[in-house]
Amino acid sequence: MTTLSKNGQKGAKKLRIGPSILFVFVALQLVIVWHFFKQLLIDAPSIIQYPLEYSDSKKTGVKQLIASNSSYSSSHSSKLWHQSTSLPQWIQQYLDWASEQQQSLSTENWKSQRYIIMQCLTTDAHCGGTSDRLKPIPLLILLAMRSKRILYIKWTRPCQLEEFLLPPSKGYNWTMPEWLVQAIDSDETMKSRVRVSNTNIIDDVKKDIPVIRARLQTFDGGSIYFNEQFNDTNVSYESIYHDLFRILFQPSPPIQEILTRELQSVGLTPGEYATAHYRAFYGTRMPNEDKIRSTAINAVECASQLRPGGPIYFASDSQFAIQSIQQYAQQYKRPVVVIENDEPLHLDKANSTSAADYYSVFVDLYLLGMGRCGSVGMGGFGRYGLLLSYNASCWNRHSYNKQRLDCHWRDANDTIQS
């Protein structure tokens, strides 16, 4: 009995010591794991070093997915975004990730993903014009990355966006599969889990809402918020937009056919001309013909300050302004070119649902976006074209707050003519 008692005491002593040793062992393991995790954060790709608004593992973007899939660098190396020198690594990695998810998406597993759908539907009261609808793309990619969502674009108003723009063959496929559209619309369990988001989208993406329908219409297109996130880096909304647009979009065949024909007919070389845009019909008051003519000519002369001697491409929503510039160019023998189309319709205000009626809008947009330097006035369309151009930082205003800012023509020898 004494022996059993001693053995029992020894056993009890061992039991008392055991938890202490186990605690020390676990603590040491936690320290090692934390040190390893900390080193991962230091050595992680630049995507994780950019400011994030929330840090739980479900919403930290795509860093973990990319780190665990070594095939990304090789399988996506031919994609357009990997050929860009202006896009930061986190955009390239997000587009890799989103493309991977799209390929595995099916009618069985679609609910396992989350989405941002950049939409304008016939049921939407207002979507804004061309620039209002497309300007938020950098912001939406940032939010999609942070909240781990697949980005799609869906228009039905005035018609499908694919009538005008298509994903390039090696670009990002933003086209929403029709089966996914129907699945989201018809699934009763999703009705309360779909949010139509405008200016509150930055908060909405943080919530457990599987589908965010984004219809963002603000004067800056989210550029201010985007730039605030990267104010200590060389990444900016303006510096990435040129490449980003071309990674997402190429002209549809009808638009491309018109562009090719017009570029040949007027003799313009992409990146080798200045642009001037004049929106005459801004607001409700119609300007008289004298004001239209003088403002149009001033717009061209302001553009000549940016590229002395031209050539200059002039675009306007006024057919009278186009005709006035034709006469001006002929009279003074100045290299200013215009394209005679029907007056471009405003996507949000016109009633037509025929895609062909809006072709001139996208032809003008591409011709403005192929320029280098531009003069802009009222409205967002001209500034959006400048954003797509080869040098978005080279610009001036020919009018402000409906008041003309006078310029004079400058020729190739830098002399000013009145």
Side-chain angles (χ1 to χ4, degrees), residues 98 102 105 107 110-111 113-141 143-144 149-168 171-201 204-205 209-218 221-222 245 248-256 258 342 344-366 380-381 384:
Q102 288 175 333
L105 206 61
T107 54
W110 68 272
K111 287 186 181 181
Q113 294 289 350
R114 302 197 299 177
Y115 310 88
I116 290 182
I117 304 170
M118 185 178 174
Q119 74 167 35
C120 178
L121 308 180
T122 53
T123 54
D124 294 328
H126 299 287
C127 300
T130 310
S131 62
D132 286 333
R133 299 185 192 193
L134 297 176
K135 280 188 299 186
I137 287 172
L139 172 64
L140 294 182
I141 287 180
L143 298 180
R149 298 173 186 270
I150 302 173
L151 175 66
Y152 285 113
I153 304 177
K154 182 63 178 177
W155 285 13
T156 59
R157 180 180 183 220
C159 42
Q160 300 277 356
L161 178 58
E162 291 85 344
E163 297 280 3
F164 316 112
L165 301 173
L166 293 170
Y172 178 71
N173 186 9
W174 46 264
T175 300
M176 196 170 179
E178 192 57 35
W179 67 261
L180 182 58
V181 176
Q182 295 176 7
I184 293 174
D185 290 344
S186 62
D187 193 303
E188 290 298 324
T189 64
M190 294 293 290
K191 296 296 184 183
S192 61
R193 307 190 72 203
V194 176
R195 176 70 62 88
V196 178
S197 185
N198 194 340
T199 54
N200 55 345
I201 189 171
D204 284 345
V205 295
I209 304 171
V211 181
I212 301 288
R213 298 184 184 272
R215 193 175 67 246
L216 186 63
Q217 186 179 356
T218 61
F245 183 88
L248 268 63
F249 304 116
Q250 67 178 17
S252 65
I255 303 295
Q256 183 61 64
I258 298 171
D342 295 332
L345 301 179
H346 193 282
L347 291 187
D348 208 38
K349 298 178 180 180
N351 295 320
S352 175
T353 57
S354 170
D357 289 343
Y358 299 92
Y359 286 168
S360 60
V361 175
F362 290 87
V363 170
D364 271 349
L365 180 62
Y366 264 99
F381 190 82
Y384 186 60

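Hydrogens, waters and symmetry mates are skipped; everything else that's a heavy atom, side chains included, is used.
A distance of 6.5 Å separates CD1 in I201 from CG in L139, rounded to the nearest 0.5 Å. The structure places CG of L165 at 5.0 Å from OH of Y366, a figure rounded to the nearest 0.5 Å. How far OG of S197 is from CD1 of I117: 12.5 Å, rounded to the nearest 0.5 Å. Here I153 contributes atom CD1 and E162 contributes atom CD; the two are 8.5 Å apart, rounded to the nearest 0.5 Å. With values rounded to the nearest 0.5 angstrom, F245 atom CZ is found 5.5 Å from L365 atom CG. How far CG of L161 is from OG1 of T156: 11.0 Å, rounded to the nearest 0.5 Å.
Between S352 and L345, the shortest heavy-atom contact is CB-CD1, 4.4 Å. Between W110 and I184, the shortest heavy-atom distance links the atoms CZ3-CG1, 3.6 Å. Between K135 and T218, the shortest heavy-atom distance links the atoms NZ-O, 3.8 Å.
Under the side chain to side chain donor-acceptor pair (under 3.5 Å) criterion, Q250 pairs with no residue, sequence neighbours left out. Among residues two or more places apart in sequence or in another chain, the ring pair (Phe, Tyr, Trp, His ring centres under 6.0 Å) test is passed with F164 by F362. Listed by chain and residue number, L166, P254, I255 satisfy the side chain to side chain contact (heavy atoms under 4.5 Å, CB included) test with S252 (two or more places apart in sequence, or in another chain). Among residues two or more places apart in sequence or in another chain, the salt bridge (charged side-chain N to carboxylate O under 4.0 Å, His left out) test is passed with D357 by none. R213 is linked by a side chain to side chain donor-acceptor pair (under 3.5 Å) to Q119, D185, counting only residues two or more places apart in sequence or in another chain. When the salt bridge (charged side-chain N to carboxylate O under 4.0 Å, His left out) test is applied to D204, the partners found at least two apart in sequence or on another chain are R195, K207. With sequence neighbours left out, Y172 forms a side chain to side chain donor-acceptor pair (under 3.5 Å) with Q102. Every residue two or more places apart in sequence or in another chain that forms a side chain to side chain donor-acceptor pair (under 3.5 Å) with T189 is listed here: K111, D187. When the side chain to side chain contact (heavy atoms under 4.5 Å, CB included) test is applied to E178, the partners found at least two apart in sequence or on another chain are K154, V181, Q182. Remark: S186 engages no residue in a side chain to side chain contact (heavy atoms under 4.5 Å, CB included) (not counting sequence neighbours). When the disulfide (SG to SG under 2.5 Å) test is applied to C127, the partners found at least two apart in sequence or on another chain are C120. V361 pairs by the side chain to side chain contact (heavy atoms under 4.5 Å, CB included) definition with T130, P344, F381, not counting sequence neighbours.
The shortest distance between side-chain heavy atoms of Y358 and T353 does not fall below 4.5 Å. In this structure, Y115 and V194 have side chains that are not in contact, with every pair of non-hydrogen atoms separated by 4.5 Å or more. In this structure, D132 and Y384 have side chains that are not in contact, with every pair of non-hydrogen atoms separated by 4.5 Å or more. For the pair T107/L180, no side-chain contact is recorded, criterion being any heavy-atom separation below 4.5 Å from C-beta on. Inter-residue side-chain proximity for I137 and F249 is flagged as met; some heavy-atom pair is nearer than 4.5 Å. Proximity of P167 to T175: side-chain heavy atoms (C-beta onward) are separated by under 4.5 Å at one or more points. M190 places a side-chain heavy atom less than 4.5 Å from the side chain of P210. Taking the side chain as every heavy atom from C-beta outward, V211 and R114 never approach each other to under 4.5 Å.
R149 contributes a side-chain N or O that, together with a main-chain N or O of V205, makes up a donor-acceptor pair within less than 3.5 Å. Between the side chain of W155 and the main chain of L121, no donor-acceptor pair closer than 3.5 Å is present. Although no hydrogens or angles enter the test, the distance criterion places a donor-acceptor pair under 3.5 Å between the side chain of R133 and the main chain of G128.
Looking at D348, N351, L347 one by one, the single match for side-chain contact (heavy atoms from CB on, under 4.5 Å) with P158 turns out to be L347.
We find that D124 and R157 are not joined by a salt bridge, their nearest charged nitrogen and carboxylate oxygen being 4.0 Å or further apart.
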